[in-house]
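Here is the structure we will look at, set down as C-alpha cells.
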Amino acid sequence: MKCHIYILAISCIIPVSIWAQPCQNGMVGAYPCKEIALQSRLTLPELGATGDGNDIWGWWDTLTGKEYALVGLFNGTAFVDISDPSNPIRLGNLPTHTVNSIWRDIKVYKNHAYIVSEATGHGLQVFDLTRLRTVTNPPVIFTEDGWVGFAGGNAHNVIVNEETGFIYTVGTRSNCAGGIVYFDVSNPKSPVMKDCYSTDGYSHDAVCFVYRGPDTLHIGKEICIGFNEDTYTIIDVSDKENTEQISRNSYVGSRYSHQGWITDDHRYLLLDDELDEGGFFHNTKTYLFDISNLSTPIYLGAFFNTTQAIDHNQYIKGRYVYQANYRSGLRILDLAEVAQGELSEVGYFDIYTANNSRGYEGSWSVYPYFRSGNVLISGIDEGLFVVKPNIPHFNFTLNYPSVVELCQGTSGKFELDLTAYAGFSDMVQLQLSNLPSDLSAALSDTLVAPNSHLTLFLNASQQATAQNYSLLLTGMGNDSTSMQTIAMGVKIKQCPTVAVAPKVFLHGAYQPSNTSMEDHLRRLNILPKTPPFSDYNTTLQNYKANLSDDILASTGSDAIVDWVLVELRSDPQTVVARRAALLQKDGDVVDTDGMSPVKFTGVSTGNYYVAVSHRNHLKIMSANALTLIQE
C-alpha cells in the first residue's frame, strides 16, 4: 500500500501544541486574563477522572529538573509531566484507597506524595514520585507505596513541614476531635502517628513552619496555625507530646475560617473565609493580620477584590499572593503594602467563564512554587491549567540551619546556599537588616550569582542579651520591584566560660634592664584598634573587638604593646578556640578590656594546651596541657 509523503510525515511526528497563548486584550481564547499566559490545559477526561476535580500540588524533581502536576480527582490522583508546559503528559493515576470522594488533598515531602481524602477509611496514601521517571508507556495505573490507617480514616487536608520531617492531617471528626494529627515521615514510606491537638476542636486547614519572625519568644519553634471554622488558632507543636496553644483568635466578619498562609518574613497572615461573601454579600474579601506577636495578633484590615467570587485557597510566594477564588479563577495580589493593611491585584486568569458571582464552581486551588514560574490551577469541572504570569518576579530559597546559635561574646560563621529562580538570571543584591546593637552580621558577598554558596558571619558582644533575634535578609533582582525578604532566626546563649592569663615577652621589644617591653606602637599612635589577624578574623571569638581610647591611654606596666593571638588546643594540633588579646609592657596577656584574663566563651572545663602568637614572631605553646575551670 502506497502512502503519500506528507501523510506519512504527519503520522510520524507529534503535533505542535495549540496552547502557549499569551494574554492579549484581556483574553486568552474564551478565558479572561491579565498578565497571565495560558501554557496548556487537560480536561477531566484527559486526566482520567470519572467525576469532579479538586486539590492540586506540584513536584520538582531535583535529579532531572522536571516539573510535575499532582492533581486530585474524584476517583484518585493524576500525575502529569509538565516539563514541556505546552505539551503536558499524563503519566498515570493512583486510584483512591477506598471509595470515590469530591475531597482529596496532596502534599510532597522528600520525593513522596502524601494523599488524604474525605472518603471513609481512605487513610493516608504514600506514593514514591521517583517512579514517574521511568514511565515509558503512559498512562499507567499506579499502586501506593505505603499506607497508614487511622480512626475514621477520612481527613479533609494534609499539611507538610519540610524542615522538620512532619506532616499533619486535619478535619478527621472521629479522630482527635477533628484537630491536627502529627505524623513523623523521617522514613518517607512509613509515616508514624505521634500525637494530635484537639483542644480547639475541628481544624479545616493549617499552615506549619519553623518560626523565625519578630516574636523572639518563639524563634526556632515549630508553629502551626489552624483555621478552625470560627477562629484561627496558633499552637506550638515543637514537643509533639506537649502541644501548647499560644493564642485563639476570632475576627469580625467571621463565617467560616477556611485557609490561610504566612509571608516569608513570618510577620503577616492572610486568611480566607469561605462563607463571608455569601453571608454578608460583599466582594471577595482577604483578611490581613499582623502576627509579629503570636500571642496577640492584630487585625490590619481587609482587601476587597472587584468580583463577588468566593475565595477558597491561597498561597504566598515571595512578594505575591496566589489565590484560587472559585468563579473568578487565579488572582495574584501584590504584598508590597501589606504592612499598611493593603493589597493590589496585578494579574488574573479566570477558568470559569460564565460569571464571577458567588458560587462553588471554578478554581479549587493553585500551586505557584515551581522554579520555572509556571503556576497550576485545578478546576472543579475544568481540569488542569498550566499558566505563566508575566509580572516582575524574583524568588530565592536559602538553605541554612533553622536557627543559628551563638554564645555571648563570640563570633561564628554559618554556611548558606542561595538559589534564585522563576526565570531570574541576573546578579542578586543581598542586604541584612533588623540587627540589634549588640549583634553584628556580614555576608561573604552581597552581590551574587543566582546560585551561590555564601557565608554568614555573626558576632555577639559580651553585652548581648541572651535571647532570640530575628534578622531579615532581602534579596533584590535587577529592578526595585523584584525583591523578597525572608526571616532568619538567631539564638544568643549564655555559655560556659574559661579564662587564661599567659605571660609572654617579645624579643626585640624586650628591655632586660627593667624586665619590660617598649610600647612604641601605642606612643606613636599606630597601634591597630581592631585585631590585625585577617586570616583568622572569621574564626576569632572577638573579631569585631575595638580598642577604646581609655585602654590606649594606659601607661606604665599596663601600657599596651601590641595584639597577640591566643589559642586553646585539645591536643598540640587541634584548635578548639582562638581569641585576639592584648599584650602589656610587663608581659601580661589580657582581654580586650585591658585588664581581665583572656575569656573563652562556649569552652567547657578541661585540659588544654595554650598557644600564643604575634604577627612578627613564631608561635609558642605550653609544654603540657593546663587544667582550665569554669570562670
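If you're wondering where the values come from, they're calculated on a predicted model, not measured in any experiment.
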*Is there a side-chain contact between I167 and K107, using heavy atoms and a 4.5 Å cut-off?*
no
_Is it the case that the side chain of S461 and the backbone of A464 share a donor-acceptor pair, with hydrogens and angles ignored and the cut-off at 3.5 Å?_
yes
_Could you check whether any side-chain heavy atom of Y268 comes within less than 4.5 Å of a side-chain heavy atom of L300, counting everything from C-beta outward?_
yes
*asked:* Quick one: does any side-chain atom of S452 pair with a main-chain N or O of A449 as donor and acceptor, under 3.5 Å?
replied: yes
*Show your working on side-chain hydrogen bond (donor to acceptor under 3.5 Å, both in side chains) between D591 and S596 and close with a plain yes or no.*
CA-CA 5 Å; D591 215 325; S596 303; over 6 Å; no
*Would you call D558-K585 a salt bridge at under 4.0 Å N-O?*
no
_Distance-only polar pair, side chains of Q630 and T497, donor-acceptor under 3.5 Å_ = no
*Please work out which of the three classes, parallel, tilted or perpendicular, describes the rings of Y369 and W261, given edges at 30° and 60°.*
tilted
*asked:* Tell me whether the rings of Y287 and Y299 are parallel (<30°), tilted (30 to 60°) or perpendicular (>60°).
replied: tilted
*Should F505 and Y510 be marked as a ring-ring contact (aromatic ring centres under 6.0 Å, His included) after you check the CA-CA gap, both sets of side-chain angles, and the distance that decides it?*
CA-CA 6 Å; F505 291 95; Y510 182 65; 5.1 Å; yes
*Between I316 and I262, does a side-chain contact (heavy atoms from CB on, under 4.5 Å) hold up when you go through it step by step?*
CA-CA 7 Å; I316 293 173; I262 59 164; 5.8 Å; no
*Does one side chain, of Q463 or D438, offer a donor that lies under 3.5 Å from an acceptor on the other?*
no
_Assess, by modelled atom type and distance only, whether the side chains of E337 and S344 contain a donor and an acceptor separated by less than 3.5 Å._
no
*Does the separation of the ring centres of F289 and Y232 fall below 6.0 angstrom?*
yes
*For R578 and L568, indicate whether the former's side chain and the latter's backbone hold a donor-acceptor pair under 3.5 Å.*
no
*Report the C-alpha distance between T263 and L335 in whole Å, list the side-chain angles of each, state the deciding distance to 0.1 Å, and finish with yes or no for side-chain contact (heavy atoms from CB on, under 4.5 Å).*
CA-CA 9 Å; T263 56; L335 284 162; 4.1 Å; yes
*asked:* I'd like to know if R212 and D265 make a salt bridge, using a cut-off of under 4.0 Å between side-chain N and carboxylate O.
replied: no
*Say whether Y609 and S570, considering side chains only, have a donor N or O and an acceptor N or O under 3.5 Å apart.*
no
*Find out whether T164 and V210 are in side-chain contact, i.e. whether some heavy atom of one side chain is under 4.5 Å from a heavy atom of the other.*
yes
*asked:* If you count heavy atoms of other groups shown closer than 6.0 angstrom to CG of N616, is the number above 12?
replied: yes
*Indicate whether the side chain of E415 and that of T455 have a donor and an acceptor atom separated by less than 3.5 Å.*
yes
*Ion pair D290/R267, N-O distance below 4.0 Å*: no
*Of all heavy-atom pairs between L430 and G475, which one has the smallest distance, and what is that distance?*
CD2-CA, 3.8 Å
*pair P297-I234: side-chain heavy atoms closer than 4.5 Å*: yes
*Heavy-atom closest pair, residues V504 and M517*: O-CE, 3.8 Å
_Does any part of the side chain of L471, heavy atoms only, come nearer than 4.5 Å to the side chain of L439, both counted from C-beta?_
yes
*Distance-only, no hydrogens or angles: does the R522 side chain make a donor-acceptor pair with backbone N or O of V561 under 3.5 Å?*
no
*Less than 4.5 Å apart, any side-chain heavy atom of L506 and any of H614?*
yes
*What are the two closest non-hydrogen atoms of A545 and T592, and how far apart are they?*
CB-CG2, 3.8 Å
*Say whether, by atom type as modelled, one donor and one acceptor occur between the side chain of Q484 and the main chain of F396 under 3.5 angstrom.*
yes
*Please report the closest heavy-atom contact between C407 and T410, naming both atoms and the distance.*
O-OG1, 2.6 Å
*Does the distance from a Lys or Arg side-chain N to an Asp or Glu carboxylate O, for K221 and D239, drop under 4.0 Å?*
no
*Would a distance-only check, ignoring hydrogens and angles, find a side-chain to backbone donor-acceptor pair under 3.5 Å from Q259 to Q314?*
yes
*Derivation of the side-chain contact (heavy atoms from CB on, under 4.5 Å) call for V237 and E222*: CA-CA 6 Å; V237 299; E222 187 175 12; 3.6 Å; yes
*Does the H112 side chain pair with the main chain of L129, one donor and one acceptor, at a distance under 3.5 Å?*
no
*For atom CG of L618, is the number of surrounding heavy atoms from other residues, nucleotides or ligands below 6.0 Å larger than 12?*
no
*asked:* Check this for me: E241, atom CD, are more than 12 non-hydrogen atoms of other residues, nucleotides or ligands nearer than 6.0 Å?
replied: no
_Donor-acceptor check, side chain of Y114 to backbone of P188, threshold 3.5 angstrom: yes or no?_
yes
*Cation-pi, F166 ring and K240 (6.0 angstrom, 45 degrees)*: yes
_Taking every non-hydrogen atom, the tightest pair across P450 and V428_ = CA-CG2, 4.2 Å
_Verdict with reasoning, I629 to V498, per side-chain contact (heavy atoms from CB on, under 4.5 Å)_ = CA-CA 6 Å; I629 61 174; V498 297; over 6 Å; no
*Within the 6.0 Å centroid threshold, strictly below: Y168 and Y182*: yes
*Are side-chain heavy atoms of I560 and Q584 found at a separation under 4.5 Å?*
yes
*Heavy-atom closest pair, residues L398 and L416*: CD1-CB, 4.0 Å
*Results of ring-ring contact (aromatic ring centres under 6.0 Å, His included) for W59 - residues two or more places apart only*: Y68
*Is the shortest distance from a Lys or Arg side-chain nitrogen in E518 or R523 to a carboxylate oxygen in the other one below 4.0 Å?*
yes
_Test your reading of the model: is there a side-chain donor-acceptor pair from Q429 to the backbone of T446, 3.5 Å cut-off?_
yes
_Using a strict threshold of under 4.0 Å (side-chain N to carboxylate O), is an ion pair present between K503 and D588?_
yes
*asked:* Quick one: does any side-chain atom of D445 pair with a main-chain N or O of L447 as donor and acceptor, under 3.5 Å?
replied: no
_Checking N313 against Q323: is there a side-chain donor and acceptor pair closer than 3.5 Å?_
no
_Quick test of your reading: applying side-chain hydrogen bond (donor to acceptor under 3.5 Å, both in side chains), list the pairs with at least one residue in residues 465-476, sequence neighbours left out, ordered by first then second residue._
T474-T485
*Looking at K110 and E162, does any basic side-chain N land under 4.0 Å from a carboxylate oxygen?*
no
*Partner of W563 by side-chain contact (heavy atoms from CB on, under 4.5 Å), out of L583, L547, L521*: L547
_Ignoring hydrogens and geometry beyond distance, is a side-chain donor-acceptor pair present between N607 and T627 at under 3.5 Å?_
yes
*asked:* Side chains of H218 and D236: any donor to acceptor distance under 3.5 Å?
replied: no
